Amino acid sequence: MQKPKIDAVNDFVVKFANVNGSGSASANTLFAKSIFRSGVPVAPRNIFPSNIQGLPTWYEVRVSEQGYLAKRAGGVDLMVSVNPQSLLDDVQEVRTGGYFLYDDTRPLDIRAIRKDINYLGVPLTEITNREYEDARLRQLFKNVIYIGALAALLDIELSVYDKLIEEQFAKKPKLVKPNCDALRLGYDAAKERFDCPLPVRVEQRDLVDGKIMMTGNSACGLGAVYAGATVAAWYPITPSTSVAEAFEKYASQLRYDAEKDEKNYVVIQAEDELAAFGMVIGANWNGARAFTATSGPGVSLMTEFLGLAYFAEVPAVLIDVQRAGPSTGMPTRTQQGDILSCVYASHGDTRHVCLFPADPKECFELTVAAFDAAERLQTPIILLTDLDVGMNDCLCDDLEWSDSYQHDRGKVMDADQLEALEKFGRYRDIDGDFIPYRTLPGTHPEKGAFFTRGTSRDEDAIYTEKGDAYQRNMERLLAKWFSAPDYLPAPKIVTASDSSEIGIIHYGTSRDAVTEAVDQLSADGIAADTLQIMAIPFHDAVRKFIDSHEYVFVVDQNRDAQMRTVLINELDCDPAKLRSVLHYDGTPLSADAVLTWLRPNIPGLAEQSRME
Amino acid sequence: MQKPKIDAVNDFVVKFANVNGSGSASANTLFAKSIFRSGVPVAPRNIFPSNIQGLPTWYEVRVSEQGYLAKRAGGVDLMVSVNPQSLLDDVQEVRTGGYFLYDDTRPLDIRAIRKDINYLGVPLTEITNREYEDARLRQLFKNVIYIGALAALLDIELSVYDKLIEEQFAKKPKLVKPNCDALRLGYDAAKERFDCPLPVRVEQRDLVDGKIMMTGNSACGLGAVYAGATVAAWYPITPSTSVAEAFEKYASQLRYDAEKDEKNYVVIQAEDELAAFGMVIGANWNGARAFTATSGPGVSLMTEFLGLAYFAEVPAVLIDVQRAGPSTGMPTRTQQGDILSCVYASHGDTRHVCLFPADPKECFELTVAAFDAAERLQTPIILLTDLDVGMNDCLCDDLEWSDSYQHDRGKVMDADQLEALEKFGRYRDIDGDFIPYRTLPGTHPEKGAFFTRGTSRDEDAIYTEKGDAYQRNMERLLAKWFSAPDYLPAPKIVTASDSSEIGIIHYGTSRDAVTEAVDQLSADGIAADTLQIMAIPFHDAVRKFIDSHEYVFVVDQNRDAQMRTVLINELDCDPAKLRSVLHYDGTPLSADAVLTWLRPNIPGLAEQSRME
Amino acid sequence: MSYIKPQFRHPQLPANERGFTRTAYEGLISTLCAGCGHDSISAAIIQACWELSLEPHRIAKVSGIGCSSKSPTYFLNKSHGFNSVHGRMPSVATGAYAANHELTYIGVSGDGDSASIGMGQFAHVVRRNINMLYMVENNGCYGLTKGQDSATADEGSKSRTGQINPFENIDLVGVALEIGATFVARSFSGDKQQLVPLIKAAIAHRGFALIDVISPCVTFNNHHGSTKSYDYTREHVQAGNIVDFVPSETEITANYEEGASHNVALHDGSRLNLVKTTTDYDPGDRRNAIAALQDSRANNQILTGLIYIDPEEPDFHQMMKIANTPLNKIEMSTLCPGTSTLTDINQSLK
Amino acid sequence: MSYIKPQFRHPQLPANERGFTRTAYEGLISTLCAGCGHDSISAAIIQACWELSLEPHRIAKVSGIGCSSKSPTYFLNKSHGFNSVHGRMPSVATGAYAANHELTYIGVSGDGDSASIGMGQFAHVVRRNINMLYMVENNGCYGLTKGQDSATADEGSKSRTGQINPFENIDLVGVALEIGATFVARSFSGDKQQLVPLIKAAIAHRGFALIDVISPCVTFNNHHGSTKSYDYTREHVQAGNIVDFVPSETEITANYEEGASHNVALHDGSRLNLVKTTTDYDPGDRRNAIAALQDSRANNQILTGLIYIDPEEPDFHQMMKIANTPLNKIEMSTLCPGTSTLTDINQSLK
Ligand SMILES: Cc1ncc(C[n+]2csc(CCOP(=O)(O)OP(=O)(O)O)c2C)c(N)n1
Ligand SMILES: Cc1ncc(C[n+]2csc(CCOP(=O)(O)OP(=O)(O)O)c2C)c(N)n1
Ligand code: SF4
Ligand code: SF4
Ligand SMILES: [Mg+2]
Ligand SMILES: [Mg+2]
């Protein structure tokens, strides 16, 4: 009996099963990059344990000519198995007709034999033992060797790799040749053994012009540099650590005066998240753009300070790279579980502006927007990303910048303005926009000094326990909240060509899965419109979108339908109208998962749409 | 022209304007207690600054034959002015025809003269200067003297005071006579000068049998003693400090073995709120009943730990005596502003059980209920009270206890049960009630040990990063949440005799104002039903109440209609149906404030109800 | 409630070098209890700033929560102030200093604020050597919440309700010395003669300067049996060494009897003359300082004065190599790398 | 992922007094990096508990978050464990101890966990003298988040990426000594001979017992230039004094060469024999201990061994006068005052 063989050009999933701490990451990235360089859209994802060495780790690469970047459900087409620990599980993940590349130096465990998949044995250990003396080198080059084998199997140009390796080791040119050699060892081994290429393979295209590959965390870090942030105060926590690291990396390249040995920025590793946010508040109070990056547990610890910044109206930027679960949860898995705790963080009546980027480009842009909004609105802005976009190399459009961009520094009175003023009142609403003027310490010898505090005060920042003054202030804060959308990015609406009664609301990293799901629905003859929420509080367009669709779905990567809750609460809309699409097992969202929730909930519509 | 004179028996408001730190509190309490002892319902309220000495402070006493205990709006009937600092404001608070008792040792500030009120000058300073040498005594007895004057003016038996003073100084009998004498100085001075009693006065009644006067904080502390709590860990913060103090006071009386010099309890003043809650978690993990008491800022700081207790399923009791505002806000004012931040505290998908007592008796009962529910549900329980009930002496029914009461210690396996078990699995849902069994450290030599953690784990408490295990666990937690009402006190519904389309939902200290407002509506011929929420998540009766009323109002003592939000979110009911009654200036809620929101929002109903 | 002080002043009040009279350094009328130690400290700060001829608006005041932390309202009305949250003033000060190293930072905290809830941040602000005066107004109790023991309450001290504190106290001076503070002093709110020059020295010091001031709480912790009362403190104070602050130009006359004097040069050109009253004390030697502290404890005494100073250790701004232009003053055009750089970055990500 | 160890064991493994073999004290297979110092410490804990013949289920393990805080999974599988949140283990341990003073408490923390985010709780658990072994597995970095400097990283130490740490380190041993800890020791994960008896002594000590163990992170902080590497530590270790733990009954033979020995009696009847290798060191004298620590720092050495012990100071349970029956064992019928008392209370509120 002929075994089934998946046949797919530029549309498949390769997954690498490795042991963490074994140096596989850079080889795997090389592979993903080679697809990108072949002009084909690619979406790699690192699935790693909360541990440093010795546990299973995977790298899943989706290759998609159509440009679908969400995780694909339904198994992998080609598994590269380099970890005996997880091998028995890994083999089950291969789709019927798929391929299983493994190290056949020793015979395969009999329990791993399936009739419906194709085995590709490459004697990785034998080759490395033969070629290298040093144990460390053996391990390292084993990774490069299987990449070489893949090049042959999937028909990727070796020259693409050579170039990538050259770039990678630009500063250590001695390493170029050994790597290229190792690559060829694998390439030749595959050619020797198999009928190359496989039916699953890559064909050169031109589909990624104008695109880059970058992690969301790098983009946030770079965004903070472009936003003119000068103070980053943070505390290490997965998956946000690389935000501060990226800021430091870019800033050290772009803002360091080597001659004077001086930096136009400072990165402070705080003693904890409370301190990190306190520093951000102190620096912003003093007129510097300052931010922190953290994840859920850090946000919980910043809760008290968030209330202070809200109430005292001090700008602040907080980047929350969300991970899975309450408490410590699953620190290396993704989720959108902090929506409620961010929007309503802190005791008392508080509401915080939140932004939701979906890809690195949006991370870059919304980070800049966050600083502008923070100073304009004099309030903390929380940028919510997640592990999926934050830590994976994501394909997205080139970053853009205009040199004519004017950073919005908000309403800060300088010495001249103060001089011209009869009496300064910190919390007076002079312009009728609910936003008062602030002053920075040290501005004017006589005017503009005031006391910033978390206690109630009147319009002139004088402490008071008078109920009416307190209430006036709280009403102004609420009015400011309702006016905030004017300063925030508008939602992105994609309308189907056919008019549709179905509207799907999503935010952050759900975008790609939703887009793909909508395409699939459309292939079934069902049109759906989508709206990507960019910010809370919501633009009026969000309400209109809900009102103008009969069936509205809200996609939440959490258990409790948190964005749906906020929509209902902020827009006072009927819960009956908002159906949930929920996904919260820590894995990235796939189009399949979205469709599983959508299909049974479009009553009668499937037929109806088809008839139109 | 004859001045108007308010004429009211057992239905008026007396307010004392003092300076804090001057010892007025105990004299003022004496006054309130004397009304109580006269058999007339009374509701005293202390209005104090966030400061220790020298600032204005007030004590407002509502006397109400009908038993209305909410703050009464619309000014006071008799102002006792002992603070020149606030005198000009205080005089404005007197209702037309009301009375203004002041120290006429020196002439009254001309700006304080109103034509429509009656002035009662008593030379307090002159009397004290004449009678006492010592400056401290002069100040102290001045307070007793004006109480004596009030006795004459309001027609309160001196013997009532004598008895109260005797009781108060039971341990310092030498102080009895000087106090009684001072009282008479004031009494005589009033008799001498005025036509006593005033038209505003007290008549002896029998309306407070079976009632006590107590602060909600004392009742919580006592409740914790009756609940068998052994560990209290806390950090000082207004207005919750006296909860821990009351626990310590009662426990030291009832749980201290003087012979052995041993305590059956421990009170730990922690270094901050994070530590306090950590201690509570540690003690509960180890099988002791432990609790903490705090206010908003403390809850914010406990946010991370709340998520741990939720996820790891460790019982804990947190008493949040709410105060006004975000951040430090108005620490000595009341509000119900922490609903949202308590119910959804912590990052990730978390929901916390909350309880809402309205008076000291309910504080006592719900504190006991909180410990039972915490152990039964293995989750933190937050008891939300506020400054108004927490720190004021409230009139309420006698506390009740039955010696047959069985504390619900929840599902804890002892050594024998473990011995009988094949394999213990901490998070297995054996009984189908979504609540697993726990074990305490040290129970059994071989079985039942497990690792408690905030990270994801499987049913046997083994660490895992598998999405399905995580999701199963989160689903069980959600199911447990939905089953929680079975273990929580049911809402209290009061149905009008006429069937009504109006339903008013309230919780905590809004009860008294709502009850009074409903009576007033009823006097206008409008019937309204009320429902007092006792717990979140909601009993089914809450949904039914909403469904069965055309016009539903939710009374929130906060800006953001927080309970309304939770109702909508937890019950998925249409926001259009829930109208808000909001009050959040830091003062206690009055029936007037409630009616201001109700009246314009009962369209057409006023007429309709009248016709029925 | 707080009052604005009457603006009328005697026209002949003495002016300092910059032409300011003391009025220019005052604040709102205090709402603390009459006799509270904290008010004396406010007065000392006013005096010191006036004597130093600082520009009031170039000072920033930061505090946590407590009676002590309220007190910045009662001095330096022309300075910006930040009354933050309980125990977290150090981080707010750190951020503020990072943003602008040119202002003078005065942090005011209480013993509850610093040694209980703020213990962690206290340790870390020391470690970062933030250039600020960090004043702990130490009354051994929580004044604002009505007198509970704080972590600086001494073992065996009696509370107002008669309870004996069973816990070892945390001595912030000892902790600061142990973890490397560069300026450590202790004083007593009742000793203005000692406190004013100490404050001046602390402000002039480049780096973190702790002054732990015993500041009795008259309302809750001034009774017999308390070890933080006025009486107890007066009886047990040990004036370790006294400092005369000598500004860069002039030399002022010491108010204290002179002994052998020890000289420390500060980075702004000013000097400290140490007037040793008791021992031959070298405040430049950390081990010595630690030993002196231990000695005083063993003798049941409260060591006051300048206990340790290291004028050379780089402060946070230097350690982090932050630009000389304050970060909050650098133009966006300088900070933002612009379009062409972004083109290169895009290229590197292909 | 974690595996359950194969249950098969050699039948002739030696049993301790209670009849347990070492297996009874083991945990799951470690998932830490091969060579991580933390694993050696786990082994030492297993050894010490076995030697002390503790009942495994009468031990409670508590930790924070970090590689170090994970390690309680890798020893004492029959004990309950609580892996709490980052930096807050001390409070969880305090609550647990308050509830039941009869168990043996082993707290495991990291330098990040204790000296950064947990600095405040660390100081306060010392002050409360909770009866526990508090183990800091000190690698000068944040292992689990990939190697950032922690607050115990020494000034001048080089990180893996080549950066020099500009900050003073926080030495938890010094801080504990300053704020009154009753048992303070330091050791090195590579020196099992010293570590095992120290752990035994710490467990036997009634009160808070700190052991700060230098425990190199092979993955992120074991390079040249790091002052927390195996090589550096081995070269700079100064075995201040070595302790032989002598259980109440038997006297075990010292593994170290004996010098003049110093004897400390513990409250459970056991004794510590101190074997002085270098100086005539009295660990009963806090000032001495502080001086020795200063000396070692001055000489660029890492002082190890039992640095200070005070076996007499009452622990938390005693200070607070908590009943001898553990609070979690007292019946509700004893705790709940009942109806008639409530009637009296009602009466008093009339
Ligand atoms: C998070 C938080 N917890 C508790 C409080 C209540 N609180 C206000 S002041 C204070 C203690 C102040 O003591 P200290 O710092 O010594 O100042 P003092 O009043 O004695 O000068 C506390 C606990 C608070 N404001 N915030
Ligand atoms: C509130 C919070 N912040 C940050 C983290 C991330 N985090 C996990 S472990 C760790 C540091 C651990 O360092 P250390 O205590 O020294 O342990 P090691 O891994 O070095 O043994 C951090 C910052 C967290 N889990 N929780
Ligand atoms: S309570 Fe104590 S600390 Fe507060 S103002 Fe009064 S005396 Fe000062
Ligand atoms: S990263 Fe470091 S501390 Fe963590 S397990 Fe590995 S060697 Fe140990
Ligand atoms: Mg204090
Ligand atoms: Mg570490």
Side-chain angles (χ1 to χ4, degrees), chain A residues 212-214 222 225-228 230-231 233 254-255 257 260-266 268 270-272 274-288 290 304-305 308 398-403 405 407 439-446 449-455 462-464, chain C residues 1-2 28 55-62 65 72-73 77-85 88-100 102-103 120-121 123-124 127-128 320-330 332 334-343 345-346 349-350:
Chain A
I212 55 171
M213 286 187 81
M214 186 179 204
L222 185 62
V225 172
Y226 271 75
T230 49
V231 179
L254 303 169
R255 300 248 203 91
D257 184 333
K260 294 197 203 155
D261 192 18
E262 266 191 15
K263 300 173 180 174
N264 274 347
Y265 68 95
V266 60
I268 315 176
E271 59 271 31
D272 63 14
L274 289 97
F277 206 63
M279 292 172 191
V280 169
I281 289 176
N284 273 293
W285 172 70
N286 226 346
E304 191 198 14
F305 256 139
L308 173 70
D398 284 358
L399 306 183
E400 287 170 307
W401 190 260
S402 156
D403 284 331
Y405 186 81
H407 297 80
T439 57
L440 304 181
T443 302
H444 188 284
E446 293 292 334
F450 70 97
F451 226 85
T452 303
R453 47 160 57 93
T455 40
I462 302 295
Y463 180 74
T464 179
Chain C
M1 201 158 115
S2 35
L28 303 180
E55 290 180 278
H57 78 292
R58 304 294 294 167
I59 302 172
K61 309 170 289 183
V62 279
I65 297 283
T73 330
N77 223 2
K78 293 181 178 173
S79 310
H80 273 65
F82 197 156
N83 198 182
S84 64
V85 288
R88 318 294 175 195
M89 174 267 275
S91 60
V92 173
T94 300
Y97 180 62
N100 184 356
E102 285 184 347
L103 303 181
Q121 294 211 347
H124 286 269
R127 239 187 116 227
R128 293 197 181 92
M320 302 306 271
K321 302 184 176 172
I322 304 175
N324 199 42
T325 310
L327 292 177
N328 70 348
K329 297 256 168 60
I330 304 173
M332 276 296 153
T334 309
L335 294 174
C336 180
T339 310
S340 75
T341 303
L342 198 62
T343 309
I345 290 172
N346 276 327
L349 298 167
K350 297 278 177 189

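On a predicted model such as this, the values are computed, not experimentally measured, just so you know. The chains referred to below are lettered A, B, ... by the order of the sequence lines, with proteins before strands, and numbering in each begins at 1.
Looking only at heavy-atom pairs under 4.5 Å with chain A, the residue among C/T94, C/I59, C/V85 that has the most is C/V85. Ranked by heavy-atom pairs under 4.5 Å with chain A, the first of C/A96, C/A99, C/A98 is C/A96.
Residue contact with chain A, scored on non-hydrogen atoms closer than 4.5 Å, is absent for C/E55. Using a 4.5 Å cut-off between heavy atoms, C/P337 touches chain A through backbone and side chain atoms alike. Proximity to chain A involves both the backbone and the side chain of C/T339, based on heavy atoms less than 4.5 angstrom apart. With a threshold of 4.5 angstrom between heavy atoms, C/P72 approaches chain A through its backbone and through its side chain. Proximity to chain C is limited to the side chain of A/V231, based on heavy atoms less than 4.5 angstrom apart. For chain A, the nearby parts of C/L327 are the backbone and the side chain; heavy atoms of each come within less than 4.5 Å. Contact of C/T343 with chain A is not made at all, since no heavy-atom distance falls under 4.5 Å. Looking at C/R128, only its side chain comes within 4.5 Å of chain A, counting heavy atoms on both sides. For C/I345, the part lying under 4.5 angstrom from a heavy atom of chain A is the side chain only. With a 4.5 Å cut-off on non-hydrogen atoms, C/I330 touches chain A through its side chain but not through its backbone. Heavy atoms of C/T73 lying under 4.5 Å from chain A belong to its backbone as well as its side chain. Heavy atoms of A/A276 lying under 4.5 Å from chain C are absent altogether.
Contact annotation: the side chain of C/H57 never approaches that of A/H444 to less than 4.5 Å [non-hydrogen atoms, C-beta and beyond]. No side-chain heavy atom of A/L440 sits less than 4.5 Å from a side-chain heavy atom of C/N100. No side-chain heavy atom of A/W401 sits less than 4.5 Å from a side-chain heavy atom of C/N346. Residues C/K78 and A/E446 form a side-chain contact, since some pair of their non-hydrogen atoms from C-beta on lies under 4.5 Å apart. Within the 4.5 Å cutoff, side-chain heavy atoms of C/S84 are placed close to those of A/L308. The side-chain heavy atoms of C/H80 and A/T452, taken from C-beta on, include no pair separated by under 4.5 Å.
Other residues, nucleotides and ligands contribute more than 12 heavy atoms inside 6.0 Å of the NZ atom of C/K329.
A distance of 12.5 Å separates OG in C/S79 from CZ in A/F450, rounded to the nearest 0.5 Å. Between the OH atom in A/Y463 and the CG atom in C/N83 there is a gap of 9.5 Å [rounded to 0.5 Å].
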task = Just do the side chain to side chain contact (heavy atoms under 4.5 Å, CB included) check on C/V92 and A/F305 with the steps written out, would you?
result = CA-CA 10 Å; C/V92 173; A/F305 256 139; 3.9 Å; yes
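Between C/F82 and A/W285, the ring-plane angle classifies as tilted under the 30° and 60° cut-offs.
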